[in-house]
Amino acid sequence: MEPLDYLVLAPHPDDAELGAGGTIALLLAGGARVGVLDLTDGEPTPHGSPEIRARETEAATAVLGLTWRGNLGLTNRRLEADLTARAKLAGALRELRPRVLFAPYWEDAHPDHVAASALIDAARFWAKLTKSDLAGTPHYPEKIVYYFSVHLRLRVQPSFVLDVSAHLETKMKAIACYRSQFIEGRPTTPPTILDDLRDRARYWGWTIGAQYGEPFLIREEVGLRGLRDLL
Ligand SMILES: [Zn+2]
């Protein structure tokens with residue numbers, strides 16, 4: 001397979017859409033090759049099942065028009081940044097060869113999200129190792145960009161906010177595919193979960209003088225080749 005430009009790594013199917021759905025649509029519209037690798041199947045949940053969640057994931061994938069989507073097959077609720085998981089993910093990175101990784105922000109109430117963040121950092125380093133028994137050939141993704149789909153009501157200072165105004169409807173449509181997570185059994189009086197998500201995108205848009213935005217954090221400095229895209 002031709003290498004991906006961007007790979008969004010998600011603890012559960014729906015986290016990529018929640019944290020970076022608008023950005024995924026924006027990157028794809030610009031001609032980039034964008035993939036999502038879900039680390040677990042996200043089940044059990046109160047209104048889902050592995051079959052339902054897989055169907056919802058497939059529908060969301062089609063809405064976004066992803067270049068590639070896969071599932072690493074690690075265990076939901078028991079995700080650990082151990083050596084077995086690290087080797088599995090590092091092997092996948094060597095096969096998919098993305099230039100940039102998206103990972104969940106490291107501080108969270110959900111232990112799977114905390115573990116996923118640490119696991120991705122470690123697997124990125126392992127992916128470049130020579131003289132290893134990992135699948136594929138050495139590859140080092142240049143950057144890790146952290147997205148926010150957290151179970152804590154944090155207000156973290158992002159490194160940058162991306163203007164996703166033109167792609168917010170695609171993000172909302174992709175999220176709505178996960179009926180078992182966001183619609184079934186949920187209160188219907190406003191603000192619903194979907195209302196909340198839209199309002200937050202509006203807030204981040206406001207911070208940059210745009211309609212809708214998605215915030216991201218990079219641990220290292222953000223390098224730019226020019227200032228043309230500054231808002
Ligand atoms: Zn999650």
Side-chain angles (χ1 to χ4, degrees), residues 4-12 14-37 60 63-67 98-110 113-114 116-118 120-121 124 141-178 182 191-231:
L4 293 173
D5 298 307
Y6 302 92
L7 178 63
V8 184
L9 295 153
H12 314 107
D14 69 14
D15 288 319
E17 287 86 350
L18 290 170
T23 298
I24 290 170
L26 180 146
L27 294 171
L28 285 164
R33 293 173 55 78
V34 187
V36 171
L37 178 57
V63 168
L64 292 173
L66 288 171
T67 309
R99 200 166 66 76
V100 175
L101 299 179
F102 285 84
Y105 179 62
W106 53 86
E107 191 181 354
D108 203 329
H110 197 319
H113 284 228
V114 177
S117 202
I120 294 160
D121 287 343
R124 175 210 190 192
E142 292 164 31
K143 297 281 174 205
I144 299 188
V145 179
Y146 298 91
Y147 63 83
F148 298 93
S149 66
V150 296
H151 299 253
L152 287 171
R153 299 193 178 200
L154 300 174
R155 199 295 184 185
V156 178
Q157 180 75 47
S159 305
F160 64 90
V161 177
L162 213 55
D163 176 0
V164 297
S165 305
H167 303 281
L168 202 272
E169 298 315 320
T170 305
K171 170 180 180 153
M172 296 310 298
K173 215 173 139 194
I175 290 171
C177 292
Y178 295 94
F182 305 116
T192 62
I193 292 184
L194 295 178
D195 293 337
D196 270 346
L197 290 166
R198 180 181 289 274
D199 291 348
R200 273 144 67 187
R202 171 69 195 113
Y203 168 75
W204 286 111
W206 170 79
T207 65
I208 57 168
Q211 192 180 6
Y212 293 114
E214 275 177 347
F216 295 97
L217 199 148
I218 297 189
R219 270 200 187 114
E220 297 166 297
E221 300 301 336
V222 177
L224 298 172
R225 285 213 175 81
L227 297 176
R228 276 179 46 164
D229 283 343
L230 272 193
L231 295 178

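Atom OG1 of Thr23 and atom CG of Leu162 lie 4.5 Å apart (nearest 0.5 Å). Taking CD1 of Ile24 as the reference point, atom OG1 of Thr170 lies at 11.0 Å (rounded to 0.5 Å). One distance of note links OH of Tyr6 with CG of Leu101; it measures 12.0 Å at 0.5 Å rounding. Summarising the geometry, atom CZ belonging to Arg155 is positioned 5.0 Å from atom CD belonging to Gln157; distances are rounded to the nearest 0.5 Å. In this structure, Glu17 CD and Phe182 CZ are separated by 8.0 Å, a value rounded to the nearest 0.5 Å. In this structure, Asp163 CG and Glu214 CD are separated by 10.5 Å, a value rounded to the nearest 0.5 Å.
Across all non-hydrogen atoms, the minimal contact from Leu168 to Ala201 is CD2-CB, 3.7 Å. Summarising the geometry of Val63 relative to Ala174, their closest heavy-atom pair is CG1-N, 3.8 Å, with the distance given to 0.1 Å. Heavy atoms only, all atoms of each residue included: Gly21 and Leu64 are closest at O-CD2, 3.8 Å. Between Leu152 and Ala109 the shortest heavy-atom distance is CG-N, 3.5 Å. Nearest heavy-atom pair across Ser149 and Gly19 is CB-N, 4.1 Å. The nearest pair of heavy atoms linking Val156 to Phe148 is CB-CE2, 3.8 Å.
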> Please walk me through it: do Leu27 and Asp5 pass side-chain contact (heavy atoms from CB on, under 4.5 Å)?
Replying inline: CA-CA 9 Å; Leu27 294 171; Asp5 298 307; over 6 Å; no
> For Trp204 and Val164, what are the C-alpha separation, side-chain angles and deciding distance, and is it a side-chain contact (heavy atoms from CB on, under 4.5 Å)?
Replying inline: CA-CA 10 Å; Trp204 286 111; Val164 297; over 6 Å; no
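For Asp14, the salt bridge (charged side-chain N to carboxylate O under 4.0 Å, His left out) test picks out Arg53, with sequence neighbours left out. Partners of Tyr212 according to the ring pair (Phe, Tyr, Trp, His ring centres under 6.0 Å) rule, which considers only residues two or more places apart in sequence or in another chain, do not exist here.
Here the rule is side-chain contact (heavy atoms from CB on, under 4.5 Å) with Pro104, and of Val114, Val8, Leu18, Ile120 only Ile120 fits it.
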Could you tabulate the donor-acceptor pairs under 3.5 Å formed by side-chain atoms of residues 218-231, not counting sequence neighbours?
residue	atom	partner	partner atom	Å
Arg219	NH1	Asp121	OD2	3.1
Arg219	NH1	Tyr146	OH	2.9

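Arg99 places no side-chain N or O within 3.5 Å of a backbone atom of Lys143 that could act as its donor or acceptor partner. Proximity of a side-chain donor or acceptor of Ser165 to a complementary backbone N or O of Ala210 within less than 3.5 Å is not detected.
The salt bridge (Lys or Arg N to Asp or Glu O under 4.0 Å) analysis of residues 23-36, with sequence neighbours excluded, yields the pairs Glu2-Arg33. The salt bridge (Lys or Arg N to Asp or Glu O under 4.0 Å) pairs that include a residue from residues 194-208 are Glu169-Arg198, where partners are two or more places apart or lie in different chains. Applying the side-chain hydrogen bond (donor to acceptor under 3.5 Å, both in side chains) test to residues at least two apart or on different chains, the pairs with a partner in residues 100-109 are Asp108-His113.
Taking the six-membered ring wherever Trp is involved, the centroid distance between the rings of Tyr147 and Phe216 does not fall below 6.0 Å.
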